[in-house]
Amino acid sequence: MNTQTDVADKLSEKVTTFLAEHDPVTTDRVEFLRARFDAGLAWVHFPIGRGGLGLAPDLQQQVDARFAEAGAPDNHPRINVIGLGMAAPTLMAYGTEDQLDTFLRPLWTGEQVWCQLFSEPGAGSDLAAVATRAVRDGEQWVVDGQKVWTSSAQNAQLAILLARTDPDVPKHAGLTYFICDMTDPGIEVRPLRQITGESEFNEVFLTGVRIPDSQRLGAVGEGWKVANATLNNERVAIGGGPVPRESGMVGVVAKSWRANPARRRPDLHGRLMELWVESEAARLTGQRLRQKLAVGQPGPEGAAMKLSFARLAQRLSGLELELLGEEGLRYDDWTLRRPLEVDFLGRGPGYRYLRAKGNSIEGGTSEILLNIVAERVLGLPPEHRVDRDVPFRELAK
Amino acid sequence: MNTQTDVADKLSEKVTTFLAEHDPVTTDRVEFLRARFDAGLAWVHFPIGRGGLGLAPDLQQQVDARFAEAGAPDNHPRINVIGLGMAAPTLMAYGTEDQLDTFLRPLWTGEQVWCQLFSEPGAGSDLAAVATRAVRDGEQWVVDGQKVWTSSAQNAQLAILLARTDPDVPKHAGLTYFICDMTDPGIEVRPLRQITGESEFNEVFLTGVRIPDSQRLGAVGEGWKVANATLNNERVAIGGGPVPRESGMVGVVAKSWRANPARRRPDLHGRLMELWVESEAARLTGQRLRQKLAVGQPGPEGAAMKLSFARLAQRLSGLELELLGEEGLRYDDWTLRRPLEVDFLGRGPGYRYLRAKGNSIEGGTSEILLNIVAERVLGLPPEHRVDRDVPFRELAK
Amino acid sequence: MTELNLLYTDVEDDLRRTVRDLLEDRLGPSAVTAMYDGDRTIVEPLWRALAQNLGLAGLLIPEAEGGFGASAREAATVCEELGRAAAPVPFLTSAVVATIAVTGSGHQVVAELAAGVTTAALAVPFATAPYGPVPRLAATEGTVTGSVSSVAGALEADVLLIPVDEADGLAIYAVPVSEAIVAAVPSLDMSRQLADIVLDAAPGSRVRGDAAASVRAALLAGAAMLASEQVGVASWCLAGTVDYLRERRQFGRPVGSFQALKHRLADLYVSVESGTATARYAAAALAADDSDAEVATAIAASYCSNLAVTAAEEALQLHGGIGMTWEHPVHLYLKRAKAAQLALGHPGEHRGRLADLVDLPYEATDAGKSR
Amino acid sequence: MTELNLLYTDVEDDLRRTVRDLLEDRLGPSAVTAMYDGDRTIVEPLWRALAQNLGLAGLLIPEAEGGFGASAREAATVCEELGRAAAPVPFLTSAVVATIAVTGSGHQVVAELAAGVTTAALAVPFATAPYGPVPRLAATEGTVTGSVSSVAGALEADVLLIPVDEADGLAIYAVPVSEAIVAAVPSLDMSRQLADIVLDAAPGSRVRGDAAASVRAALLAGAAMLASEQVGVASWCLAGTVDYLRERRQFGRPVGSFQALKHRLADLYVSVESGTATARYAAAALAADDSDAEVATAIAASYCSNLAVTAAEEALQLHGGIGMTWEHPVHLYLKRAKAAQLALGHPGEHRGRLADLVDLPYEATDAGKSR
């Protein structure tokens, strides 16, 4: 008896039944998604009643494939990355029943898009150095401060927010985690322009924003613990299936090399081949990591993958410009845009070069990742910390 | 009136007179050198009566040239590097009149060779972590401990020695500086073999070695200050005259490239040219530094030169082996030898590769030099120090 | 052989101070940033002040021809300051490259350049290395026809100097911009925006024939002076990053106290010192008309091109998120550095030429040329 | 296409454990160090234990021919452990390269190799890449004459496998070492000491004709297995350095708490993981007779050759002075790594072949060959 196959078969039947009962073509898009959530086919590893069936996460892929096959509408997952990838698992881990009732379904259907209000200009890699204040006022909290690097803030209805509720205890102890309504009049969203000319991110200014205490996630002062649950979800995402050779940046550069015989020079060839080999090494490392995860040998090696990815994207996009020569001196377009996704391959080589610089900064700088690898993988001793036991108020800024 | 030329002319006259009075060919070698010392022509920037004339240091070069021209015996400066380069200036700065009377002349003439007993196996880059103890016993000190990386210990009559005289005060405060007699029966010298197969250095074991208090240099507890004077002399020595293009390791590799057309490959050529350019850049940086020093704009940039030198020697010697291929797989000789000087160019490419690894360790590791550049040149803040205010005895080893 | 002086003379230090003061006074980074949105209003007054008030336009022109008769040493010092400020002025393209291409021709454009009343650009793609043949246009009966793409300095120029193919070799024609179609192109480095040029029987004035050596000398000097500019870019990046990391605190301490970052900055310092030495040597060798000038230029160009890119990339990374923003000036230097790396010969082209010059050929045979 | 498994199977993990236990039991670093002074007494008993007791000699020989019928995956696992211990045994030269060169020939040497009673060496210079023609000797009437320099595994061999030039192509002859002059040469890596071979009408037995493909397959597998050995070397260097820096204290704190060193070790870890993936992929591709096997080998060989050198160089530097001494084992790994980088094709040769295989030719024309 193969129980795994058994489960998969039953799940498949469930999808068949659902699709028979809800015509993916004629049913209203939102109605269809709500019904799918209610049937437990949204994220099968979530509990029953919360959009799931309490199954193994890897079964989701087959469900999604079946719905895609049937031409069913999806929940635009790329528009709600923060909601689906970070807010949802954190809600599941720390949310009250009321919170789950209120927020999970519209999150999954995409009726409510979420953004993340963690980063601050003064904090940077020191994520816990949040200065945005939340002060209790009866059954509400009043929030003032400034956040930055918020993608989708202009489209989001809700946000996960980390704020300081007690400046008189050490840095990590005085934080609390909230669900913030982005339509509050005290919220101002300003596009933050990047070196590419685009504005993928925003600055968010909070002035007297009111949040009911019922929208607090976790206990007062436990915000750092809750936020770490969120951030771990960010780093776990190593991505699904096999990646073919010459995917991504190395493919762009290889294609350019093949197309430009006149620009070939031995020094560029040497670097091309070195980076080609390194890209293959990184691809195979990713494959190996996926195989490890599949047999349950996980680890913090995701940090290593992100390091390699950033380094290769930067070196390859730099080489691409050198390879192009005169063409590399031109840029496609400096106009301010506000894209919802990064379009690495649709834009020009200059854009790729500049945008790739962010790969070693966003979602944990390479320096922080190297610390993580050194300490958590290799077991090297941590740095001396001067900010552990000092009240936040007393830390020099 | 050009007083500078004036001084040079007078000095030249003095040499002429001296050579007339002491035939460099017929005079006994040691007598000749003693007389030269007494005439103030040993190191003209030292005071009168101490082998010098109180003149500018750059006048020494012309004096040496005149003596060399005349076929005069020299003091074998390469055999007594520590004595001439480090012990002498430290003696001059901290020595008593008696000590100067006793030690300076035989040091300069080479009748007494000096070595340096600073480094210890447990200290490494943490030079002040000296554990060798010196305990006062009346007018003498009794010294016990172990030193390492001592070149010329087997030939030396005297040593400059750093020892701990007080373990109950913080690390840097409990050291004292001595002149140690290497013929003391408590001294045992053992060759320390290196990865090249050779033994350039020694371990020195000190067991109940007795040093009269009259051979203490500087006050008790001021050893760190005195040792720093010595070490600064080590780092200042950037070397005399212009260096021609393709000197040293880059010349060896370039020659090998020219001689081996069949081994040429584009990847090796790319690296060869990069390293050739970097070698030129380092050579020109050295030239610029010499020009700065000549007009009195000195600085801690010597550390930068040493960093470049080590890096280039290592990368070039590695490339040389790759360039040679099969020949690079062979080694000239693993026999244990005890040379007094490193023979980079006379030995084979494998030796060069291995020996060059020491360039970034000896005389200050590259990591320590990078700290020095970061803190003293760029003014970046120092590391947090946990060992500053703790008695040496209480530091975890 | 006397050793060339690689330090800055007092005259050069004074010149540096003058240029720096003017740039600090007149040019804020926001003015350069605005150029990325098409606002080029800063260029003309700034260049007029430098070219005419300080007389930099005629710096390299002999006194006999109306200029200052200064050497590549002084021009290099100016370039360093222009790099340090990411200044959007056509000094390199007009006062160095175009000027050297026509100096000694006796054509009136030289006097106009010397006086700073005319700004010129040599109409070759900015990527052109000094070592190969340059693209040429056709001339018939005093008019020039053809096109050149990606030309630096053309937007700021009054006169275009066009390499023209004549029966007995290369000639240079001067064509007023009013007779040309000069189309600005979005450029990676908008502080030196490129343009495409189209000439359709444009009336031109023949500046000189037998011009191959002049064009080559112009591009070679351009590459050498660009190296000094790159040193300026790298110096700004290093100094700016050190300042920022001394102030910026994270985890309760200055970010600049973290050893990994200190070591990277120390490495960068070593490279900037090395780059300075190579750029100084190239300038000194050109100034002295030394036989080693071409070798010196190839060394400096290949070293400093990569130095500036490395410095700007490190500066951005070590600034963290703020470095990725449009408001912070670090991106202006990154773009300037990356574009400069591709300009006037890629580092690999300079090293290739060097391989020939110093007898380290790639090929197994000794047939001569190395590629 | 099914994805190749890049993990270690349980069988491979067991094999690794067995080999590692034996090496920990029988081989101390001082025994390897002694080889640099000519003391090779460790080699024979250690190899006998591995070859016969554990049966590693016949690992790659099909069961039908008397071997274990294991694949390149298992051999790679063994090589990793041999690298990790800098073990001075001829597994790579005899049980991989020589074995593959003769497997399927039906010659009696195969059965002897399988039983571990004979050790063989393919008589080509250790630097030979799998991509070009190999140096060949001459055979007349069953005797072989000529010389080969810098052969690995010859000192440990009973039989030399000689590539011989015949009218219709390459043949392999087996010559007993007793019929050859085998002169040990001082080698950079004395844990795999080389020898020069001279044959003067030495009587040989013809193993196979038409042997070009066999020799090529042997060298290719050798390069792939060497990559796993290099991963073993790099892993030892990383782990040993981490351990040392966790213990070693300077300035009142563990040296391993200094951020600059931590970042370097973290970088090295990322590289070791990458190298492991490439070496595993090459082994898996060879084991599966995958059409990508040659590409996989070239990737692994070029990546891991440099990885091992970098790891050993970093290990030495981060150990400081002690790493420069004869007593500390780190130098054994540096020498092994540097020699291995030059063996069975230099990284540049592997990348050059790769350029052909994946259509990234250097030349501007598409005439085919890339050099």
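All chains are named by letter (A, B, ...) in the order of the sequence lines, taking the proteins before the strands, and each is independently numbered beginning at 1. Only this structure's heavy atoms are used, side chains among them; waters, hydrogens and symmetry mates stay out.
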For residues L192(B) and E327(D), determine if any side-chain heavy atom of one lies less than 4.5 Å from a side-chain heavy atom of the other.
yes

Could you tell me which portion of D267(B) (side chain, backbone, both or neither) has an atom closer than 4.5 angstrom to a non-hydrogen atom of chain D?
side chain

Close side-chain approach of E383(B) and F258(D), heavy atoms under 4.5 Å:
yes

Select one option (side chain, backbone, both, neither) describing which atoms of A339(D) are under 4.5 Å from chain B's heavy atoms.
both

Kindly indicate, with the supporting measurements, whether the criterion side-chain contact (heavy atoms from CB on, under 4.5 Å) is fulfilled by L316(D) and I361(B).
CA-CA 10 Å; L316(D) 191 148; I361(B) 296 174; 3.7 Å; yes

Do H346(D) and R263(B) come close enough that some side-chain heavy atom pair is under 4.5 Å?
no

Ranked by heavy-atom pairs below 4.5 Å to chain B, first place among S149(D), G323(D), A127(D), G320(D) goes to S149(D)

Bottom line for N371(B): the part with an atom under 4.5 Å from chain D's heavy atoms is neither

If you count heavy-atom pairs under 4.5 Å between each of G122(B), G325(B), S366(B), G350(B) and chain D, which one has the most?
G122(B)

Kindly say whether I195(B) contributes a backbone atom to a donor-acceptor pair with the side chain of K335(D) at under 3.5 angstrom?
yes

Kindly say whether L342(D) contributes a backbone atom to a donor-acceptor pair with the side chain of E322(B) at under 3.5 angstrom?
no

Between E313(D) and R315(B), is there a salt bridge with N-O shorter than 4.0 Å?
no

Sort L261(D) into side chain, backbone, both or neither according to what part of it lies under 4.5 angstrom from a heavy atom of chain B.
side chain

Side chain, backbone, both or neither of T33(D) within contact of chain B (heavy atoms, under 4.5 Å)
neither

Contacting region of R192(D) [heavy-atom separation from chain B under 4.5 Å]
neither

Residue pair Y353(B) / L334(D), side-chain heavy-atom distance below 4.5 Å:
yes

Under a 4.5 Å cutoff for heavy-atom pairs, which residue among G328(B), S125(B), G197(B) has the most contacts with chain D?
S125(B)

Heavy atoms only: give me the nearest E326(B)-P125(D) pair and the separation to one decimal.
OE1-CB, 3.6 Å

Using heavy-atom distances under 4.5 Å, tell me whether A128(B) contacts chain D through its side chain, its backbone, both, or neither.
neither

Report which part of L336(B) has an atom under 4.5 Å of a heavy atom belonging to chain D: side chain, backbone, both, or neither.
neither

Are a donor atom and an acceptor atom from the side chains of Q317(D) and S360(B) found within less than 3.5 Å of each other?
yes

Of P186(D), S187(D), S150(D), which is the lone residue that meets side chain to side chain contact (heavy atoms under 4.5 Å, CB included) with R330(B)?
S150(D)

Would you name the heavy atoms of F251(D) and D387(B) that are closest together and state the gap between them?
CA-OD2, 3.1 Å

Which word best sums up how the rings of Y36(D) and W334(B) line up, parallel for under 30°, tilted for 30 to 60°, or perpendicular for over 60°?
perpendicular

Quick one: which of I322(D), V255(D), D189(D), L188(D) has the most heavy-atom pairs under 4.5 Å with chain B, could you say?
L188(D)

Surrounding CD of E327(B) (heavy atoms of other residues, nucleotides or ligands, distance under 6.0 Å), is the total greater than 12?
no

Chain B contacts, top residue of Q193(D), R264(D), Q259(D) (heavy-atom pairs, under 4.5 Å):
R264(D)

Under 4.5 Å from a heavy atom of chain B, the part of V330(D) involved
neither

Between L329(B) and L194(D), is there a side-chain heavy-atom distance shorter than 4.5 Å?
yes

Engaged part of P121(B) at the chain D interface, taking heavy atoms whose separation is under 4.5 Å
backbone

Knowing that exactly one of K357(B), R193(B), E200(B) qualifies, which makes a side chain to side chain contact (heavy atoms under 4.5 Å, CB included) with M324(D)?
K357(B)

With a 4.5 Å heavy-atom cut-off, do Q194(B) and T325(D) have their side chains touching?
no

